[in-house]
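Hydrogens, waters and symmetry mates play no part in the numbers below; they use all other heavy atoms, side chains included. Everything numeric in this text was worked out from a predicted model, so none of it was measured.
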Amino acid sequence: PGKIAKTSDLYFSTTGVVKEGDNQVLRYTLKDSLGHQITHEYVLAPHEYMTQFNIQVDGSMELLPENTLNLNWSFTSKPQEKDFSYERSNTTLSYLDNGGYDYKTLAQPGTGDKALMDVTWIGTQQRFFNNTLISKDNKMSANIKWNIPPDSLHQLVNMDMSLQLKLTPGTSVKVPLEWYAGPNDYRILKTYGLHLEEDVHMGTSIYTFVKYLNRWIVIPIFNFFHS
């Protein structure tokens, strides 16, 4: 208590993956001599792209005296298509906050940053794949920095997000998060009811009207023949 620690520098124990019903569950637990405990729990249902990520903090009054959880999410988006330049031009930082859905295209080599408040979800979207962190119960604030490497490194973007979640005071808190890592498929994303389907760009600017034709005519026709 009173000190700052990074969980990435600490050693968690685990019993490995266990089956609970149809779900696969993996827990990592960290305990101290005073009885405080932090548990990272990952739950994956069968045939599912959404992983439940729960953070349980027992002794949160001492471990999180400001009722704030700091979370750092860093990753590198790697190309999945043969046409690297075209894939990069379709890679975006996307998010949903109180102002609704928005995105920023990450196409030009260089660095950038962005600050956000009251975010429900945030992630990167490629043409065919989606990587998104979701916090439905505790809105996040985010400070985002990205680096778009030169083409010779064959990486789309390096992303570093510093996230803060305000928590309800208590001796024990559970922070339910979700992580979607899967296809950027309109039909799948829409089933979650989180506006994730907005990441499937079907027409913008002067072509906005095309978006609604695709959503209400073209996609239902394709779904009908697919079924």
Reported CG-to-CH2 distance for the pair D97 and W121, which is rounded to 0.5 angstrom: 10.0 Å
Can you see which heavy atom on I188 is nearest to which on P183, and at what distance? CD1-CG, 3.9 Å
Here the pair of heavy atoms bringing H36 nearest to G59 is CD2-CA, 3.7 Å
Between S135 and L165, is any pair of side-chain heavy atoms under 4.5 Å apart? yes
Sub-4.5 Å side-chain heavy-atom contact between L177 and L71: yes
Quick check against the 3.5 Å criterion: does N184 have a side-chain atom that pairs as donor or acceptor with the backbone of D199? yes
Among W179, Y186, Y180, find the one that has a ring-ring contact (aromatic ring centres under 6.0 Å, His included) with Y192. Y180
Nearest non-hydrogen partners of S89 and T105, listed with the distance: O-CG2, 3.7 Å
Hydrogens and angles aside, do N143 and D113 bring a side-chain donor and acceptor to less than 3.5 Å of each other? no
For Q56 and N54, test the side chains for any donor-to-acceptor distance below 3.5 angstrom and give the result as yes or no. no
Could you check Y86 against R127 for side-chain contact (heavy atoms from CB on, under 4.5 Å), going step by step and ending with a plain yes or no? CA-CA 9 Å; Y86 187 69; R127 196 155 66 109; 3.5 Å; yes
Rounded to the nearest 0.5 Å, the CZ atom of F84 sits from the CG atom of L156 at a distance of 5.0 Å
Could you please spell out the steps behind the side-chain contact (heavy atoms from CB on, under 4.5 Å) verdict for M159 and T76? CA-CA 6 Å; M159 192 72 67; T76 297; over 6 Å; no
Are F53 and Y28 linked, directly or through other ILVMFWY residues, by side chains that come within less than 4.5 angstrom of each other? yes
Worked verdict on K139 versus N98 for side-chain contact (heavy atoms from CB on, under 4.5 Å): CA-CA 10 Å; K139 293 295 183 70; N98 284 349; 3.4 Å; yes
Do E87 and Q80 have side-chain atoms, one donor and one acceptor, less than 3.5 Å apart? no
Linked, directly or transitively: L163 and V175 (ILVMFWY side chains, under 4.5 Å): yes
Within a radius of less than 6.0 Å around OH of Y49, do more than 12 heavy atoms belonging to other residues, nucleotides or ligands occur? no
For the backbone of G35 and the side chain of D32, can you confirm whether one donor and one acceptor N or O come within less than 3.5 Å of each other? yes
For D83, does its backbone N or O pair with a side-chain atom of E81 as donor and acceptor, under 3.5 Å? no
Is it true that a side-chain atom of S162 and a backbone atom of N72 form a donor plus acceptor pair closer than 3.5 Å? no
Just wondering, do E62 and L34 contact through their side chains at under 4.5 Å, heavy atoms? no
Under 3.5 Å, is there a donor-acceptor pair linking the side chains of Q37 and T29? no
Within one Ile-Leu-Val-Met-Phe-Trp-Tyr cluster: F128 and L196, side-chain cutoff 4.5 Å: no
Point-to-point distance, once rounded to the nearest 0.5 Å, from CG of L93 to CG of D102: 9.0 Å
Around W146, counting heavy atoms of other residues, nucleotides and ligands shown, do more than 12 lie under 6.0 Å from its CH2? yes
Approximate separation, where rounding is to 0.5 Å, of M140 CE and L133 CG: 5.0 Å
What heavy-atom pair brings S94 and Q125 nearest, and what distance separates the two atoms? OG-CB, 4.3 Å
Spell out, yes or no, whether M117 and L96 are grouped together once hydrophobic residues are joined by side-chain heavy atoms under 4.5 Å, including indirect joins. no
Nearest non-hydrogen partners of H40 and F12, listed with the distance: CE1-CZ, 4.2 Å
So, do I122 and I144 sit near enough that their side-chain heavy atoms are less than 4.5 Å apart? yes
Please tell me whether W73 and L10 are part of a single hydrophobic cluster in this structure, the criterion being side-chain heavy atoms less than 4.5 Å apart. yes
Straight-line distance of L106 CG to S77 OG, nearest 0.5 Å: 8.5 Å
What is the minimum heavy-atom distance between K166 and E66, and which atoms define it? NZ-O, 3.7 Å
Go through V200 and K190 one step at a time and tell me if the side-chain contact (heavy atoms from CB on, under 4.5 Å) criterion holds. CA-CA 10 Å; V200 183; K190 190 174 176 60; over 6 Å; no
For K174, look at atom NZ and say whether over 12 heavy atoms of other residues, nucleotides or ligands are found less than 6.0 Å away. no
Without swapping roles, check the side chain of R27 against the backbone of S13 for a donor-acceptor pair under 3.5 Å. no
Taking the side chain as C-beta and beyond, is there a heavy-atom pair between H154 and P79 under 4.5 Å? yes
May I ask you to check whether T111 and N147 show a side-chain donor-acceptor distance below 3.5 Å? no
Any chance you could measure Q24, atom CD, to K19, atom NZ, to the nearest 0.5 Å? 5.5 Å
Report yes or no: does N23 contribute a side-chain atom to a donor-acceptor pair with the main-chain N or O of V25 at less than 3.5 Å? no
